[in-house]
Peer 1: 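To start, I am sharing the structure in question, which I have written as structure tokens.
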Amino acid sequence: MTKQVLLNNLNPQQKSAVLHNTGPLLVLAGAGSGKTKVITHRFAYLSTAHKVPPMSILAMTFTNKAANEMKQRIESLTGKSANSLWIGTFHSLSARILRKEIDVLGYGKDYCIYDESDSGNIVRSVLKEFKIHEALYKGILSKISSLKASLISPEDLLANEDSYGFDEKFVRVYVKYQDELRKNNALDFDDLIMCTVKLFEQNPGLLKKYQLDFSHLMVDEFQDTNASQYRLMELFASKHKNICAVGDDDQSIYKFRGAEVKNIHKFKNDFSKTKVIMLEQNYRSTQRILDIAGNIIAKSRDRMPKKLWTDRGEGEKISYCIATNEIEEARYIAQSIKELFQKGKYFCKDIAILYRVNQQSRILEEAMRENGQPYRICGGISFYQRKEVKDIISYLKLIANPDDSVSLKRIANCPPRQIGAATITRVENEARKRDESVYNTMKYIMKSNGYTNSLKEKISSFINIIDSLHAHKEASTSELINLVFEKTGYLEWAGEEKAANLIDLRKSSEDKDLKSFLDSVSLFSGLDEDPADNSVSLMTLHNAKGLEFPVVFIAGIEDGLMPHFHAIKDTEELEEERRLFYVGVTRAQDMLILTGARKRRLYTSIQEQQPSRFLADIPENCYLCIEKRPRADAITSSVAKVPVQFSNASPYAAGARVKHPKWGVGVVRDSYGETDDVKVMVNFHTVGIKRLSLKFANLEKL
DNA sequence: AAACTAAAGCTTTTT
DNA sequence: GCTTTAGTTT
């Protein structure tokens, strides 16, 4: 495509962003303002008009999906394959660099990448070893993750006088966790970024080389960068300062994951003479939708003022429907979808139902099924998280990196070969003593005396499988998968359904070498799966970011859900909820339907819900409020019957003080169940919250 | 190794 | 409430 054509169909702001050649550029791109268009056209324009080699442009995104879309559009603009270009996620680009350079940091180039569950397994085994309550692993994992996102390594914690305020126990766990990763020659997601930063900070010569290689940088979804990602970007750009950051502070919804919106302000300070371009023309939504969105976000504190506008016209009226309960709400949505579909204007794929928490999806799904509407859940658990798929991948990981003890333990007894928990524990203890990987320890046990023959036999038959697979490590990945099937009998053991998934897995591995296949699999997420064929999309508001649909339903517009009750006490978190709502609303192109319920079942109790406080920020004439009465035939539905035992008749109602023979005094939080089987939830000072059956618990009322 | 039971979860989660 | 997982049983 000629350079002139690349500038056609761009508005003046978009054009000036595309024309910007050297120096720092910050593009504040409102929702639906064509930011991907700007990035891809700028990429193509730099290479055709300014003769910047495409391999010298580094473009970083957050999702594989965004990266792939960018590649595709650049391919169609330039007519050349974008496959080998430096366009990818922060994580995948870092992994690519580390594959070449990581030996400098003392890791092997065959390092493997651990996902959250792999990391979780390590933290749990560390906690077990340190005799710390294992259930704490989730919180610890997220603390470790945020430390790494702030570039604080275990060594940094140890070097700091008061360990940045972290208690000694946690520091020990973090140190040990990182040790274990190193022993396994493994990096977790956060390591990919942190290690790349350390690599360049510690090796200025290497940094210089990469700075020369990458003459231009582009960063997408800039408002979502965390400290380590910002630092990485800064390292690359500090020499030539040809950096273009594109983002929207109004769409920052990942603060809880370490994203720092303030990076947008920091950018202008760190890079002097930054040119700032605002993209405010929206090409997606009708004026009515933008009005709602504008009113919601206008109340946001500390935002950069901007106002989206459109020439698409007023559009359809927006409605807000209140149903009696969440079941009626779901039925209303399903019914409305059916009607829309029957009118023939929209296909199912044009429609999305968004919600705050995954829990909401179940009832929505039920209603969709009742109405015979095809739907699909976007996000959720991905193909690569399935047990059988993870197992086969573990075999592959072990072929590439035998030191990967997490993968080894995962498949040591899958399919069963008499290597149970007891055997693993014995080998692990030995491994700990010898400070070696489990694989090496197994080899050692096979050779040494002092172990029973039966143990040696079990271990050597397993090691033989791994070694015979390892001998074929140069084979194509799909052949390797076949070999795994052959040597382990996994397919026969797995059963039909799982086997079918594994055949799919083998298919997806065709034409990929082992390492790149493993990298892409490790960095894959549920969002990357095929787009909806012809079904309604159901997803969380978070997963909806970056997408658009002609018709959008947002369910659960109630206080407690939107904003979520966990976020209500904290103003910063409340602000993030507001932005989340804004993101949801701005997904809609033509029609927006907000819904809520008067009463909603939450866990065990039925809550009276109030309409979302955010609605108070929208003038009433912006939408149509509909109170949905329950259908006559629906009155007998399960929710209509409020269980009698919820009345305060029970002596063990919430608030009552009780005494337990073992745990002492506690306060009743809740009670439920039939008269002959009443369960109470009691908060004890000694052990925390317990669920007890009144029949057996022997409680004394105080 | 399946099949059961008890207990603990429970906001979102690009990688 | 419902789902997941850890632990126990047979």
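What you see below is based on every heavy atom in this structure, not just the backbone, and it leaves out hydrogens, waters and symmetry mates. Residue numbers begin at 1 in each chain, while the letters A, B, ... track the order of the sequences.
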Peer 1: Distance between the P atoms of dT12(B) and dT3(C), in whole angstroms?
Peer 2: 15 Å

Peer 1: Indicate, with a heavy-atom threshold strictly under 4.0 Å, whether Gln229(A) touches base, sugar-phosphate, or nothing.
Peer 2: nothing

Peer 1: Checking Lys390(A) now: which residues fulfil side chain to side chain contact (heavy atoms under 4.5 Å, CB included) with it, not counting sequence neighbours?
Peer 2: Asp115(A), Ser117(A), Asp118(A), Arg410(A)

Peer 1: Using a heavy-atom cut-off of 4.0 Å across all strands, would you classify Asp190(A) as base, sugar-phosphate, or nothing?
Peer 2: nothing

Peer 1: Does Asn358(A) place a side-chain N or O at less than 4.0 Å from the phosphate oxygens OP1/OP2 of dT12(B)?
Peer 2: yes

Peer 1: Give the rounded distance in Å between these two atoms: CD of Glu326(A) and P of dG1(C).
Peer 2: 12 Å

Peer 1: Using a 4.0 Å cut-off on heavy atoms, which residues in residues 129-140 of chain A reach DNA chain B? List them by number, or say none.
Peer 2: Ala135(A)

Peer 1: Atom CD of residue position Glu572(A) - does it have more than 12 heavy atoms of other residues, nucleotides or ligands inside 6.0 Å?
Peer 2: no

Peer 1: Could you tell me which residues satisfy salt bridge (charged side-chain N to carboxylate O under 4.0 Å, His left out) with Lys262(A), sequence neighbours excluded, listed by chain and number?
Peer 2: Glu260(A)

Peer 1: Which is true for Tyr254(A) with a 4.0 Å heavy-atom rule: it touches a base, it touches only sugar-phosphate, or it touches nothing?
Peer 2: base

Peer 1: Could you tell me the separation between the CD1 atom of Ile377(A) and the P atom of dT12(B), rounded to a whole number of Å?
Peer 2: 13 Å

Peer 1: Starting from the 5' end of DNA chain C, give me the residue, Gln359(A) or Lys387(A), whose nearest nucleotide shows up first.
Peer 2: Gln359(A)

Peer 1: Side-chain N or O of Thr540(A) less than 4.0 angstrom from OP1 or OP2 on dT13(B)?
Peer 2: yes

Peer 1: Go through DNA chain B and write down every stem, that is, every run of at least three consecutive Watson-Crick or G-U wobble pairs with distances under 3.5 Å, as range with range.
Peer 2: B:1-10 with C:1-10

Peer 1: Give the rounded distance in Å between these two atoms: NZ of Lys545(A) and P of dT11(B).
Peer 2: 22 Å

Peer 1: Between atom CD1 in Ile568(A) and atom P in dT11(B), what is the gap in whole Å?
Peer 2: 13 Å

Peer 1: Apply side chain to side chain contact (heavy atoms under 4.5 Å, CB included) to Leu199(A) and list each qualifying residue two or more places apart in sequence or on a separate chain.
Peer 2: Ile97(A), Leu98(A), Glu101(A), Val104(A), Leu105(A), Asn203(A), Leu206(A)

Peer 1: What is the distance, to the nearest angstrom, from the NZ atom on Lys255(A) to the P atom on dT13(B)?
Peer 2: 18 Å

Peer 1: Considering only dT11(B), dT14(B), dT13(B), which nucleotide approaches the side chain of Ala567(A) most closely?
Peer 2: dT11(B)

Peer 1: What integer distance in Å separates Ile327(A):CD1 from dG1(C):C1'?
Peer 2: 12 Å

Peer 1: Between P on dT14(B) and CD on Gln223(A), what's the gap in Å once rounded to a whole number?
Peer 2: 16 Å

Peer 1: Please identify each residue that fulfils ring-ring contact (aromatic ring centres under 6.0 Å, His included) with Phe90(A), with sequence neighbours left out.
Peer 2: Phe62(A)

Peer 1: Answer yes when Glu428(A) and Lys409(A) have at least one side-chain N-carboxylate O distance shorter than 4.0 Å, and no when they do not.
Peer 2: yes

Peer 1: For Tyr490(A), which residues count as a ring-ring contact (aromatic ring centres under 6.0 Å, His included) partner, sequence neighbours excluded?
Peer 2: Trp493(A)

Peer 1: Under the salt bridge (charged side-chain N to carboxylate O under 4.0 Å, His left out) test, which residues partner Glu180(A), sequence neighbours left out?
Peer 2: Lys176(A), Lys183(A)

Peer 1: Students often get this wrong, so: under 4.0 angstrom with heavy atoms, is Glu221(A) touching a base, only sugar-phosphate, or nothing?
Peer 2: nothing

Peer 1: Can the ring centroids of Phe200(A) and Phe236(A) be said to lie less than 6.0 angstrom from one another?
Peer 2: yes

Peer 1: If you check the Thr604(A) side chain, which of dT14(B), dG1(C), dT12(B) turns out closest?
Peer 2: dG1(C)

Peer 1: Excluding sequence neighbours, so at least two apart, what forms ring-ring contact (aromatic ring centres under 6.0 Å, His included) with Tyr254(A)?
Peer 2: Phe256(A), His542(A)

Peer 1: Before accepting this row, confirm whether a basic side-chain N of the pair Asp220(A)/Lys35(A) lies closer than 4.0 Å to the acidic partner's carboxylate O.
Peer 2: yes

Peer 1: Between Ala259(A) and Tyr603(A), which residue's closest nucleotide on DNA chain B lies nearer the 5′ terminus?
Peer 2: Tyr603(A)

Peer 1: Determine: side-chain N/O of Asn543(A) to OP1/OP2 of dT13(B), distance under 4.0 Å, yes or no.
Peer 2: yes

Peer 1: Please tell me which of Lys128(A) and Arg362(A) maps to the more 5' nucleotide of DNA chain C, matching each residue to the nucleotide holding its nearest heavy atom.
Peer 2: Arg362(A)

Peer 1: Could you give the distance separating dT4(C) and dT11(B) at their P atoms, to the nearest angstrom?
Peer 2: 15 Å

Peer 1: Report the nucleotide, chosen from dT11(B), dA1(B), dT13(B), that has the shortest atom-to-atom distance to any side-chain atom of Phe256(A).
Peer 2: dT13(B)

Peer 1: In whole angstrom, give the distance that lies between atom CD of Gln360(A) and atom P of dC2(C).
Peer 2: 17 Å

Peer 1: Please confirm whether the shortest side-chain N or O distance from His542(A) to OP1 or OP2 of dT12(B) is below 4.0 Å.
Peer 2: no

